[in-house]
**Student:** 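Please find one structure pasted underneath; my questions will follow.
Bear in mind the structure is a predicted one, so any value in this text is a computation, not a measurement. In listed order, ligands and their atoms are each counted from 1.
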Amino acid sequence: MNSIHLPMVSLRGVGKSYGEHRVLHDFDLDVEQGEVVTLIGPSGSGKTTALRCMNFLEEYDQGEIRIRGALLGYTHTGNGQRRRDSDRNIAEVRAPVAMVFQQFNLWPHMRVIENVTAPLTLVKGIHRDAARKRAMRALERVGMANKADAFPAQLSGGQQQRVGIARALAVEPEVMLLDEPTSALDPELVDEVLEVIQSLARDGMTMVMVTHEMGFAAKVSSRVVFMEAGRIIETGVPSRLFTTPATDRLRAFLRTWFDRSRNGAIELPTNTRDH
Ligand SMILES: Nc1ncnc2c1ncn2[C@@H]1O[C@H](COP(=O)(O)OP(=O)(O)OP(=O)(O)O)[C@@H](O)[C@H]1O
């Protein structure tokens, strides 16, 4: 039996401008089920914008983004025209997508368990008891079940981000978008969050992540996308991309990163060395 192959997330010719300033040009990317794709590149190169377009937190103005084949954000109306979808249609198309934010975005007046339950009851319309069970499972997954009754201010930044990840996991997404999930953390709190993300990757969670942690990108990614000035310059498996960059621009970017990084060793995962 033939089945049509649909990538989890697919971007074709995606462009995005803020006024006169074009920040994404002709962006093409397919993310397959179980892949971890990381976006790297200099500050301002459009990584976060590309990620936010993938769940329509930012409206793209050119090209197409599809989630499991469904066009995100727009409906074609013929003659090459399209109109913005209703919020309800947009929510439906992006239902398989969950996002983890740099600044955690937890509600300070709610306990941890309520922070994780609220999107399920309020957005997904799941009954409170079922939502709490799912929320507890997600908190267990990130090792935070014992803090379910704490308030965010009682937690370290690393713990708050693990709750942020649990909140995304609780909606049982098919793909997670992570926007610099460790860059708001003190250095000693980074590893606990990276370990959670790595264990999700091992379990086959599909992820697209913006990160400045090159060592981590090398360790966890199936594919790395190097961006500059809103364009994809180079894409590849980490073992190739980090060791033999094909472009001068990536070489220069990595050299700068090595120079700045105090412990700049990139440890390559053994399972991608042969690619
Ligand atoms: N809401 C906005 N309004 C206007 N310009 C914006 C907005 N958001 C981002 N930009 C601009 O778009 C460009 C890309 O920004 P973006 O945050 O996507 O880059 P980035 O690669 O994620 O950067 P960083 O690594 O510093 O987070 C930048 O020039 C930025 O100033």
**Student:** Heavy atoms under 4.0 Å from ligand 1: which residues qualify?
**Tutor:** Tyr18, His21, Val23, Pro42, Ser43, Gly44, Ser45, Gly46, Lys47, Thr48, Thr49, Glu180, His212
**Student:** List the atom pairs, donor and acceptor, that lie under 3.5 Å between side-chain atoms in residues 223-234 and the rest of the protein, sequence neighbours left out.
**Tutor:**
from	atom 1	to	atom 2	distance (Å)
Arg223	NE	Glu35	OE2	2.9
Arg223	NH2	Asp30	O	2.5
Arg223	NH2	Glu35	OE1	2.8
Arg223	NH2	Glu35	OE2	3.3
Glu228	OE1	Arg249	NE	2.7
Glu228	OE1	Arg249	NH2	3.3
Arg231	NH2	His25	ND1	3.4
Glu234	OE1	Ala246	N	3.2
Glu234	OE1	Thr247	N	3.0
Glu234	OE1	Thr247	OG1	2.6
Glu234	OE2	Arg240	NH1	2.7
Glu234	OE2	Arg240	NH2	3.3
Glu234	OE2	Ala246	N	2.7

**Student:** Please evaluate residues Asp85 and Arg94 with respect to the criterion salt bridge (charged side-chain N to carboxylate O under 4.0 Å, His left out), reporting the C-alpha separation (whole Å), side-chain torsions for both, the decisive distance (0.1 Å), and the verdict.
**Tutor:** CA-CA 12 Å; Asp85 255 343; Arg94 74 171 164 208; over 6 Å; no
**Student:** Decide, yes or no, whether a salt bridge links Asp129 with Arg132 under the criterion of side-chain N to carboxylate O below 4.0 Å.
**Tutor:** no
**Student:** Under 3.5 Å, is there a donor-acceptor pair between the side chain of Arg12 and the main chain of Asp28?
**Tutor:** no
**Student:** Show which side-chain atoms of residues 159-166 pair as donor or acceptor with protein atoms under 3.5 Å away, not counting sequence neighbours.
**Tutor:**
from	atom 1	to	atom 2	distance (Å)
Gln159	OE1	Ser156	N	3.0
Gln160	NE2	Pro152	O	3.2
Gln160	NE2	Leu155	O	3.3
Gln161	NE2	Phe101	O	2.9
Gln161	NE2	Pro181	O	2.9
Arg162	NE	Val142	O	3.1
Arg162	NH1	Glu192	OE2	2.5
Arg162	NH2	Val142	O	3.3
Arg162	NH2	Gly143	O	3.1

**Student:** Show me the donor-acceptor pairs within less than 3.5 Å that the side chains of residues 52-59 make with the rest of the protein, sequence neighbours left out.
**Tutor:**
from	atom 1	to	atom 2	distance (Å)
Arg52	NE	Glu58	OE2	3.3
Asn55	OD1	Leu57	N	3.3
Glu58	OE1	Tyr18	OH	3.3
Glu58	OE2	Tyr18	OH	3.4
Glu59	OE2	Arg84	NE	2.8
Glu59	OE2	Arg84	NH2	3.3

